Amino acid sequence: MDLFGKDFICTQEWSLDELEAVLELAARMKRERYSPRWTSLLEYKTFLMFFYNPSVRTRQSFETAATELGGHAQFLEPSAMRLKTATTAGETVEDAAQVMSRYGHGLGIRILEDKIGYYGEGDELLREYARWGSIPVISMAHDKFHPCQGLADLMGLRARLGDVRGKKALLTWGSGALARSWCSVQEFLLVSSRFGMNVTMAYPEGYDLDPAVIAQTQANCAANGMTFEVVHDSRSGYDGADVVYARNWVTPQAYAGGLLDKKGEIEKAFQHPGWITDAERMRKTNNALFTHPMPVDRGHEVTDEIASGPNSIIYDVAENRLHVQKALMALTMSDKL
Ligand code: CP
C-alpha cells in the first residue's frame, strides 16, 4: 500500500485498509519504540508544524515523533509569517504552500476556535494548502476534524477492549468554560461508527453537531449493522455503555456574529450544570472505559474520581498520539519504509 504524499485531513477520507496500516505500524512502533528500523526513516527530513492555536499534546507528540524518526519538526506561527488574511495584506496560501513544499516534507496545520470566523473556514484553509502544496498536509486539529486524535482514541480502546465491533460508545456533552470546537468529538463519531461500534450521543437540546458528520456517522453505523441514537438527557445514554467519551462543545450559533462568541457560549454551557460524567452515571455502564482527548476540564466535564480512576485511559490515548503520528509520518513522508 502506497501512502507516500497522501494528505490526512479526516479519517473518513482514508479507506479502512489504509487506517489499519497506520494502526498496525503504530502498534509496532509502540512495542519497539527505539528500534533502528524506525530511527532514520525521516533522516534529513522536516515536518513543518503550523500552529494558529496553542497545544500541549499535539506539538510535543509531533516534535517527539520527528526526533524518534531521525527528522526534525519546525514550529511555525502565523504571526511570524506575514500571510494574507481577510483584513491584512500579505503572502497568499498559493505562494506559501508552494514555497513550504520546497523546504519541508510534510505540513501539519492546527486552526481552531477563535482563529476562524465561521465553522468550516479552518477546513477550507487546510484544503487550500493541500491544493497548492506538493507535500502531505496533516490536520493537527482544525474546526471540523482531528484525525490523529481519532486514531489515538481507537488504539486506546483496542488496547483494553480488543475488537471494538458491537461495543457501545457513548459520546456525551459536558459543561464547562472552555467553549470547545467540534473537531475531536466529530472525529470520534466517525471513527467509532466506522470501526463497528454502536454509537449513542447525549447532549442538551441546542448542541447539535455538523449535520453532514451526523449523517456520515449514521451511514457508518448502518453499514456495520450497528445502532446510532441521540438522547437529550444526561443519564440514559450511560446504560450498558462500554466506552464513555465526555467533552464540552459549542452550539451551532457560536460563530453567528462572524467570530467565536466565547463569553456567550460559556454562559450557555453553565445553564446545563448537571452534565458531568461521575461515578453514579458510570455505574449504569458495562464497566465502561472513560476517555477524553484532553485537556480535561475536571469538575465540569468529568469528576476527578472518574478521570483519574482505573477505567480512565486518557494518558494511554495521549501517549498513542505519538505512536500514531510516527506511523503516519513514516508512511506519508518516508521513502525508506
Ligand atoms: N488532544 C489535543 O489535541 O491536545 P492539545 O490541544 O494539547 O494538542
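Read the numbers this way: they start at 1 and go in the same order the structure lists the ligands and their atoms. Since the structure is predicted, the reported quantities are computational estimates derived from the model, not experimental observations. Below, each value reflects all heavy atoms present in this structure, side chains not excepted, and no hydrogens, waters or symmetry copies.
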* Asked: Of the protein's non-hydrogen atoms, which lies at the shortest distance from atom 4 (O) of ligand 1, and what is that distance?
  ->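 In this structure, atom 4 (O) of ligand 1 has Arg57 NE, 2.8 Å as its nearest protein heavy atom.
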* To do: Take Arg131 and Glu128 through the salt bridge (Lys or Arg N to Asp or Glu O under 4.0 Å) test and state the conclusion after the steps.
  => CA-CA 5 Å; Arg131 175 184 172 208; Glu128 188 72 356; 3.7 Å; yes
Please determine whether the number of non-hydrogen atoms from other residues, nucleotides or ligands lying under 6.0 Å from atom [atom1] of [X] exceeds 12.
X: Arg33; atom1: CZ; value: yes
X: Tyr118; atom1: OH; value: yes
X: Glu305; atom1: CD; value: no

Counting each atom of ligand 1 from 1 as listed, which ones have a heavy atom of [X] under 4.0 Å away?
X: Ser55; value: 5 (P), 7 (O), 8 (O)
X: Pro293; value: 1 (N)
X: His146; value: 2 (C), 3 (O)
X: Thr58; value: 2 (C), 3 (O), 5 (P), 8 (O)
X: Arg321; value: 1 (N), 2 (C), 3 (O)

* Close approach, Met140 and ligand 1, non-hydrogen under 4.0 angstrom ->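 Heavy atoms of Met140 never come under 4.0 Å of ligand 1.
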* **Test item: Thr172 and Tyr203 side chains (from C-beta on) under 4.5 Å apart, heavy atoms** =>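 Side chain of Thr172 against side chain of Tyr203, heavy atoms only: no contact under 4.5 Å found.
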* Heavy-atom distance under 4.5 Å between the side chains of Phe195 and Leu157, does that happen here? ->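 They are not in contact (no side-chain heavy atoms under 4.5 Å apart), so the answer is no.
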Please report whether ligand 1 has a polar contact with [X], defined as an N or O pair separated by less than 3.5 Å (distance criterion only).
X: Val56; value: yes
X: Met294; value: yes
X: Arg59; value: no

* Asked: Looking only at side chains, do Asp261 and Gln253 share a donor and an acceptor under 3.5 Å apart?
  ->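 No, Gln253 and Asp261 have no side-chain donor paired with an acceptor closer than 3.5 Å.
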* To do: Go through the steps for Glu24 and Arg28 under the test salt bridge (Lys or Arg N to Asp or Glu O under 4.0 Å), then give the verdict.
  => CA-CA 6 Å; Glu24 189 184 320; Arg28 288 177 64 201; 5.5 Å; no
* Contact partition for Arg110 relative to ligand 1, non-hydrogen atoms under 4.0 Å ->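 Just the side chain.
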